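Computed from a prediction, not measured in an experiment: that's the story for all the values here.
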Amino acid sequence: LGLLFYSLQKVGEQKAAVLSDISQSLEGSPLKGLGVGFVNSVDYRYGWALMLLGAVILILVPLLGSRLGRRVKSASRT
């Protein structure tokens with residue numbers, strides 16, 4: 001989860017840096033709008049939510065599996 005949040009933060013920082021770079025380097029150019037639009041089109045949409053859900057599932061499955069395993073063992077002993 002930490003790596004996921006770190007990656008999201010770094011991508012956001014890089015996007016802001018590139019946007020600033022494009023705005024400065026294309027000042028007065030008719031292509032400035034195209035460059036800014038291209039950078040703004042880079043987005044996670046629902047991808048970040050799916051990655052977060054997958055990380056939570058990866059954490060919960062072993063925890064729940066060990067609890068279920070203990071219940072099955074105790075039920076088979078009786």
Side-chain angles (χ1 to χ4, degrees):
L1 286 175
L3 184 61
L4 177 63
F5 288 123
Y6 176 77
S7 298
L8 288 172
Q9 179 193 14
K10 282 298 181 185
V11 169
E13 288 176 4
Q14 289 293 330
K15 183 178 171 182
V18 168
L19 189 60
S20 172
D21 228 13
I22 286 176
S23 295
Q24 289 176 358
S25 65
L26 294 179
E27 192 66 38
S29 173
L31 298 177
K32 180 180 178 182
L34 182 64
V36 170
F38 179 73
V39 172
N40 286 332
S41 72
V42 175
D43 196 12
Y44 283 113
R45 303 206 189 246
Y46 298 106
W48 67 270
L50 291 176
M51 289 188 291
L52 181 62
L53 179 65
V56 169
I57 288 172
L58 283 174
I59 291 170
L60 290 180
V61 165
L63 296 175
L64 295 176
S66 65
R67 287 186 181 182
L68 290 175
R70 279 189 247 141
R71 285 186 185 171
V72 170
K73 286 180 184 178
S74 65
S76 65
R77 289 182 189 166
T78 58

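- Considering only residues two or more places apart in sequence or on other chains, Lys32 meets the salt bridge (charged side-chain N to carboxylate O under 4.0 Å, His left out) condition with Glu27.
- Screening residues 12-23 for salt bridge (charged side-chain N to carboxylate O under 4.0 Å, His left out), with sequence neighbours left out, gives Lys10-Glu13.
- Linking ILVMFWY residues whenever their side-chain heavy atoms come closer than 4.5 Å, directly or via other members, leaves Leu53 and Ile59 in distinct clusters.
- Follow the hydrophobic side-chain contacts under 4.5 Å out from Leu63 and you reach Leu1 in the same cluster.
- Clustering of Ile, Leu, Val, Met, Phe, Trp and Tyr side chains at separations under 4.5 Å places Val36 together with Val18, Leu19, Ile22, Leu26, Val39.
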Trace of the side chain to side chain contact (heavy atoms under 4.5 Å, CB included) decision for Phe5 with Leu52: CA-CA 9 Å; Phe5 288 123; Leu52 181 62; 4.0 Å; yes
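- Applying the salt bridge (charged side-chain N to carboxylate O under 4.0 Å, His left out) test to every pair with at least one member in residues 49-62, sequence neighbours left out, gives no pairs at all.
- Judged as a salt bridge (charged side-chain N to carboxylate O under 4.0 Å, His left out), not a single pair has a partner in residues 46-56 (not counting sequence neighbours).
- For Gln24, there are no side chain to side chain donor-acceptor pair (under 3.5 Å) partners, not counting sequence neighbours.
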